[in-house]
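In what follows, a structure is listed as structure tokens, so that the remarks can point back to it.
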Amino acid sequence: MAQADRRGPGRDGTLLSQRAAIVFLLAALAGIGATVLAALAGHVWPVAVSVGGGVLAPAVLFFNQIID
């Protein structure tokens with residue numbers, strides 16, 4: 001028996017490609033790591049979170065460049 005198409009009307013497939021998901025995952029991990037390191041260095045949490053957020057965009061650009 002043929003398997004039914006599970007995609008409903010208007011659905012085109014996955015939201016992100018596997019490559020994009022890996023890039024965003026690695027960037028999020030880099031941001032979390034920077035936040036933890038900044039907090040351990042003695043910064044208050046708002047500053048540590050700002051440091052982690054500032055790492056996200058360059059990390060996305062970096063991992064997008066190196067992952068083919």
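Fair warning: this is a prediction, and the values are worked out from it, not measured in the lab.
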Given the rule that I, L, V, M, F, W and Y join up when any side-chain heavy atoms are under 4.5 Å apart, are L56 and V51 in one cluster?
-> no
Can you hop from I22 to I66 via hydrophobic side chains spaced under 4.5 Å?
->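 I22 clusters together with I66.
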Taking every non-hydrogen atom, the tightest pair across [X] and [Y]:
X   : Y   : answer
W45 : A39 : CH2-CB, 3.9 Å
V60 : A27 : CG2-CB, 3.5 Å
G52 : A34 : CA-CB, 4.2 Å

Under the side-chain contact (heavy atoms from CB on, under 4.5 Å) test, residues paired with [X] that sit two or more places apart:
X   : answer
L16 : A20, F24
L40 : V36
A28 : none

Which of L25, L29, L26 passes side-chain contact (heavy atoms from CB on, under 4.5 Å) with F63? Answer is L26
Does L61 sit in a hydrophobic cluster with other residues, and if so which ones, taking ILVMFWY side chains as linked at heavy-atom separations under 4.5 Å, directly or through other members?
->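 Members besides L61: none; it forms no cluster.
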Determine which pairs satisfy side chain to side chain donor-acceptor pair (under 3.5 Å) with at least one residue from residues 19-43, sequence neighbours left out, and list them in order.
-> R19-N64
